[in-house]
Amino acid sequence: MKKFAALALAGCMAVSLAACGGSASTSTAASESTAPAESTSAAESAAESAAESVTEATQGGKVGVCIYKFDDAFMTTYRNALQEILEGKGYEVTIVDGNNDQAKQNEQINTFITQGVDALIINPVMTSAADQIISTVKGADVPTVLINREPTADQMSAYDKLVYVGCDAAQSGTFQGELILDTENKGDINGDGKVSYIMIQGDPENIDAQLRTEYSVKALTDAGVEVEQLDLQRGDWDRNKGQEICQNDLAKYGDQIEVVFCNNDDMAIGALQAIQAAGRTVNKDIYLVGVDALDAAKNEVANGNMTGTVLNDAKGQATQAVASMEELLGGKTFEADHQSVYVDYVKVTPDNVKDFQ
């Protein structure tokens, strides 16, 4: 109906434009009197232009956004970017906090569907709940973009009005490992022939946490570096837990720890607090890397207190999520095994950090 109304209004505008014309269209009207064929073409062009203008003005709809929890630093940046982009395009946006509770998020999704949203953007609390989420949105025939936490290709293939937008977590892990390889001793501070590390993991159920954990170490071993894992603990993406885990490990392993890998920056900043409290110095007697390139982490990289981080481009992902949503709203469907759209990570080091601040 919007498209029909837009075309009708466009036609009226075109006829009015051709018949009346203001001072700005005087020369056009004069040329029309001597070139009837061009007059028809001009009117059609005006109609098309007006139709596009009216359609653009009325393209907004209702979008429901589900975030797994609001107090996650990275997802705060992400949801703010989503809100700004969507509202800037004229959409009516409602964003809800899942409080890290999958049952609550399921209720929120059902509520959005009952309210008649035109599209959903969902950051799942648990990737293991993907089957239920996909079944729900498919049953309601609501175009849906999943973000940040990627289901399997097999799960997504159940619904062709579904797409995942995010980054390749394996790439972020690889970049973390490369940050260590780029140090003068490739992470082997004590020169004993191996890199001894602790790993502070996010949520081990999350595929991003799994891949960052695996590929950060794999980058070292693929380069021929021997590694020793002193500890791996779940930090749930939380700064306080990162601080506590690192503090306990420093007390237990002391100078044996050469590298602290953290699956995100919030935990890395917590780990930095523990490192400094223990009298250790990053980039001198210990290395520390994170992921996300939060403002606080970029400041620490610039100040020499973090070895590096990896930009998880929240704004870029938000922009792509909205673009994919609009493709779905425009009638596009996604074939199985072609339902993931990735935005590249970028290594952030002391040498280039100013480019990101």
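Residue numbers run from 1 in the order of the sequence given.
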Hey, are [Y] and [X] close enough side-chain-wise for a donor-acceptor pair under 3.5 Å?
X: Gln176; Y: Tyr345; answer: no
X: Gln357; Y: Asn299; answer: yes
X: Asn106; Y: Gln102; answer: yes
X: Asn185; Y: Tyr287; answer: yes
X: Gln108; Y: Gln105; answer: no

Locate the shortest heavy-atom distance separating [X] from [Y]; write the atom from each residue and the value.
X: Gln339; Y: Ala336; value: OE1-CA, 3.7 Å
X: Val259; Y: Gly187; value: CG2-O, 4.1 Å
X: Lys69; Y: Met75; value: O-CB, 4.3 Å
X: Pro204; Y: Gly202; value: CD-O, 3.5 Å
X: Lys194; Y: Glu228; value: CE-OE1, 2.9 Å
X: Val301; Y: Pro350; value: CG1-N, 3.6 Å

May I ask you to decide if [Y]'s main-chain N or O and [X]'s side chain share a donor-acceptor pair within less than 3.5 Å?
X: Asp238; Y: Asn240; answer: yes
X: Tyr159; Y: Val142; answer: yes
X: Lys298; Y: Phe356; answer: yes
X: Asn352; Y: Thr349; answer: yes
X: Asp160; Y: Thr333; answer: no
X: Asn303; Y: Asn305; answer: no
X: Thr183; Y: Ile180; answer: yes
X: Ser157; Y: Asp154; answer: yes
X: Gln155; Y: Thr152; answer: yes
X: Asp203; Y: Glu205; answer: yes

Supply the atom-to-atom distance [X] [atom1] to [Y] [atom2], rounded to the nearest 0.5 angstrom.
X: Asn100; Y: Asp72; atom1: CG; atom2: CG; answer: 9.0 Å
X: Phe112; Y: Lys62; atom1: CZ; atom2: NZ; answer: 9.5 Å
X: Thr213; Y: Arg234; atom1: OG1; atom2: CZ; answer: 12.0 Å
X: Phe74; Y: Asn312; atom1: CZ; atom2: CG; answer: 3.5 Å
X: Leu230; Y: Ile198; atom1: CG; atom2: CD1; answer: 8.0 Å
X: Glu244; Y: Cys246; atom1: CD; atom2: SG; answer: 11.5 Å

Do [X] and [Y] belong together in a cluster built from hydrophobic side chains that touch within less than 4.5 Å?
X: Leu181; Y: Leu288; value: no
X: Phe334; Y: Val165; value: yes
X: Val260; Y: Val348; value: yes
X: Tyr164; Y: Met126; value: no
X: Val322; Y: Leu329; value: yes

**Asked** Could you walk me through whether Asp313 and Lys315 pass the salt bridge (charged side-chain N to carboxylate O under 4.0 Å, His left out) check?
**Response** CA-CA 6 Å; Asp313 189 356; Lys315 187 171 183 179; over 6 Å; no
Can you give me every donor-acceptor pair (side chain of residues 268-284, partner residue at least two apart or in another chain, under 3.5 Å) with its distance?
unit_1	atom_1	unit_2	atom_2	d
Arg280	NE	Asp285	OD1	3.4
Arg280	NH1	Gly254	O	3.0
Arg280	NH2	Ile257	O	2.8
Arg280	NH2	Asp285	O	2.9
Asn283	OD1	Thr307	OG1	2.8
Asn283	ND2	Gly304	O	3.3

**Item:** Working for salt bridge (charged side-chain N to carboxylate O under 4.0 Å, His left out), residues Lys252 and Asp249
**Value:** CA-CA 5 Å; Lys252 181 175 181 179; Asp249 280 349; over 6 Å; no
Side chains of [X] and [Y]: closer than 4.5 Å at any heavy-atom pair?
X: Asp231; Y: Met199; result: no
X: Asn263; Y: Trp237; result: yes
X: Val145; Y: Leu328; result: yes
X: Val217; Y: Gln229; result: no
X: Thr94; Y: Val117; result: no
X: Phe175; Y: Val346; result: no
X: Leu82; Y: Ile147; result: yes
X: Asp265; Y: Met306; result: yes

**Trace of the salt bridge (charged side-chain N to carboxylate O under 4.0 Å, His left out) decision for Lys186 with Asp188** = CA-CA 6 Å; Lys186 297 185 177 181; Asp188 184 14; over 6 Å; no
**Request:** Determine which pairs satisfy salt bridge (charged side-chain N to carboxylate O under 4.0 Å, His left out) with at least one residue from residues 126-150, sequence neighbours left out, and list them in order.
**Result:** Asp141-Lys161
**Item:** side chain to side chain contact (heavy atoms under 4.5 Å, CB included) between Ile245 and Met267, intermediate numbers included
**Value:** CA-CA 9 Å; Ile245 292 168; Met267 295 188 297; over 6 Å; no
**Residue pairs fulfilling ring-ring contact (aromatic ring centres under 6.0 Å, His included) with at least one residue in residues 244-265, sequence neighbours excluded** = Tyr197-Phe261
**Request:** Mind running side chain to side chain contact (heavy atoms under 4.5 Å, CB included) on Ile286 and Leu250 for me, showing each step along the way?
**Result:** CA-CA 11 Å; Ile286 194 168; Leu250 286 168; 4.2 Å; yes
**Asked** After noting the C-alpha distance and the side-chain angles of Thr111 and Glu107, does the key distance pass the side chain to side chain donor-acceptor pair (under 3.5 Å) rule?
**Response** CA-CA 6 Å; Thr111 298; Glu107 292 177 5; over 6 Å; no
**Request:** Please test Gln243 against Gln247 for side chain to side chain donor-acceptor pair (under 3.5 Å), starting from the C-alpha separation and ending with a verdict.
**Result:** CA-CA 6 Å; Gln243 189 276 336; Gln247 175 180 289; 2.9 Å; yes
**Working for side chain to side chain contact (heavy atoms under 4.5 Å, CB included), residues Cys66 and Ile109** = CA-CA 7 Å; Cys66 298; Ile109 293 169; 3.9 Å; yes
